[in-house]
Each structure stands twice: as C-alpha cells, then as structure tokens.
Amino acid sequence: MSPFPKTHQAPTQIAPDTFVIHDHTGEGHAPVMVPINSMVIRGEQPVVVDTGFADNEDQFLTDVFGLVEPEDIRWVFVSHDDVDHTGNVNVLMDAAPNATLIINWFMFERMGTTLGVPPHRTRWVGDGETFSAGDRELVAIRPPVYDSPTTRGLFDPTTGVYWASDSFASPMPELVTTADQLDPDVWRDGMDMFHQYVSPWFTMLDDTRYQRSVDRVEALGATTLAGCHAPTVHGALVPAAFAQIRGFADAVVPDLPGQDTLDEIVAAMSAGAAA
Ligand SMILES: [Fe+2]
Ligand SMILES: [Fe+2]
C-alpha cells in the first residue's frame with residue numbers, strides 16, 4: 001500500500017445528468033497533483049466517458065455504479081488509447097453487459113490484445129462523427145491539444161458539456177474540482193505547461209491552421225469544459241480557457257522534471273514509509 005493514501009473526491013455533478021468521476025496522482029509525493037477524471041452521462045442511454053487508471057479500479061467502479069446500474073450502461077466512450085483513459089475499460093465492459101464500446105479503428109489496432117472487448121461489442125466513431133444515446137446526439141470532436149492520433153473529445157449539445165480528453169489540463173497545488181477554485185495565474189500557467197508537455201510538436205505548429213482547429217471546437221458553443229486532467233471549467237472561464245489554449249505555444253514553461261525530481265520523490269516516499 002502506498003505510504004501516501006489518496007483522498008477520495010466524491011463524483012461531482014457538472015451539468016444536468018452529467019457527473020465527473022475523480023481520481024488523481026501525486027498526492028503526498030509530488031509538488032502538485034494531477035486530476036485523473038472520467039465522466040458519466042446519466043441520460044436515457046447512460047454513457048461512461050473514459051475509464052481512468054487501472055490502479056483505481058475499485059473506487060472507479062464504486063463511483064460509476066453509485067450513479068448508474070451496470071446493466072443500464074449503454075455506451076462506454078474512450079477518448080484515446082492512453083493508460084489513464086483505458087485503465088478500467090475491460091473490467092467495466094465485463095461488468096456492463098449491455099454496453100457498447102465507442103472507439104475507432106486506430107485505437108482497436110494500437111491497443112491490440114490489451115483490449116479485451118470483442119469487436120461485436122464495439123463501434124468505431126471518428127473525429128466529426130456522432131452517435132445517438134437515446135435522448136441526445138453526442139458529437140466526437142478532436143480537441144485542440146492531444147497526445148494520441150486516436151483522440152476525439154465528446155460534445156453533448158443537450159447540456160453544453162465538452163469532454164476535452166487531454167486538453168485544458170492543469171495540475172492542482174491542492175485538491176480542487178473546478179477551475180475557479182485555483183489561483184487564476186496557477187491555472188493559466190498550469191494549462192500552458194501541460195499543453196506543451198503533452199504536445200511537444202507544438203514547436204512545429206502553423207499558427208493559422210492551429211487557430212482554425214481551436215475555432216472548430218469553440219464553435220460547438222460549450223458552456224462547460226471537462227477533461228481527464230482538467231478541473232471543470234464553467235461559464236465565464238470557458239472563453240478564458242480557449243484564449244489560453246490559443247496561445248500556449250508562446251508560453252515559457254518549466255523544463256520537464258528530470259533525475260533531481262525522481263531523487264526527491266524517492267526520498268519523500270522513503271521518509272513516508274519510515275514514518
Ligand atoms: Fe493522453
Ligand atoms: Fe491523459
């Protein structure tokens with residue numbers, strides 16, 4: 001067991017029938033924490049969006065099934081094939097016999113045998129395509145910043161919530177659930193840093209084309225932004241988040257942590273274990 005047990009944050013409702021499932025990394029052994037969120041849309045045909053890290057399986061399933069019965073889950077949408085988004089996809093699909101997994105061809109190929117879901121229980125939905133979840137038509141749209149070629153976000157026009165996958169990511173100096181709980185400078189600097197970290201090819205950006213890709217997402221008219229590594233962004237902060245992501249390539253951000261940081265983490269963990 002970790003010498004630094006995590007603080008559980010209960011699911012938070014961010015819009016009608018829409019809930020963020022919270023997890024995080026870093027508590028106790030890193031200077032900042034990183035949200036590891038998922039989402040549940042509890043509509044006519046309930047949808048789970050992304051599935052977190054595998055090490056959070058028990059809490060993830062408890063939180064999801066506290067909102068929706070396993071047999072009622074109709075769709076599981078995975079935004080891309082990274083382990084912090086797919087960690088519980090197999091156990092969730094096993095537990096939810098009536099669910100169809102929304103992925104795409106490339107995710108199917110890249111996950112290979114790590115994906116334990118048979119093809120007939122999947123549907124391939126690409127960037128710009130939609131699928132019906134009963135009382136709502138959900139739109140898969142690639143976010144402005146991403147780290148896998150399989151990435152699609154998910155927009156729900158009935159609530160105005162856009163699931164941005166790895167976009168709008170920001171670390172948390174302390175546990176929060178919404179962006180307005182962070183110091184505004186910390187939030188903006190955190191987004192710049194994470195956007196450069198997850199998309200190191202930003203140095204090759206054609207800014208005009210990049211701005212067009214942001215225009216495409218902003219034109220959805222989202223009123224709430226949620227994401228795997230983002231404190232939820234509501235209302236007046238939504239345009240601020242878009243303004244920040246438009247200019248992240250020009251920001252000066254800290255270098256990626258190196259061996260010195262690892263030494264500090266190991267020392268902190270050793271001290272914690274000895275306490
Ligand atoms: Fe990712
Ligand atoms: Fe991620």
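We count ligands from 1, going down the list as the structure has it; atoms in each ligand are counted the same way.
Partners of Trp105 under the side chain to side chain contact (heavy atoms under 4.5 Å, CB included) rule, at least two apart in sequence or in another chain, are Glu109, Trp124. In terms of the side chain to side chain contact (heavy atoms under 4.5 Å, CB included) criterion, residue partners of Asp135 (sequence neighbours excluded) are, by chain and number, Glu44.
Relative orientation of the Phe248 and Tyr210 rings is perpendicular, given thresholds of 30° and 60° on the angle between their planes.
Remark: the Gln59 side chain and the Asp63 side chain contain an N/O donor-acceptor pair separated by less than 3.5 Å.
The ring pair (Phe, Tyr, Trp, His ring centres under 6.0 Å) pairs that include a residue from residues 161-180 are Phe168-Phe242, where partners are two or more places apart or lie in different chains.
Within His229, the N, O or S atom at minimum distance from the Fe ion (ligand 2) carries the name NE2.
Looking at heavy atoms from C-beta onward, Tyr146 lies out of side-chain contact with His80 at the 4.5 angstrom threshold.
Protein atoms of type N/O/S that fall under 2.8 Å from the Fe ion (ligand 1) number 5 in this view.
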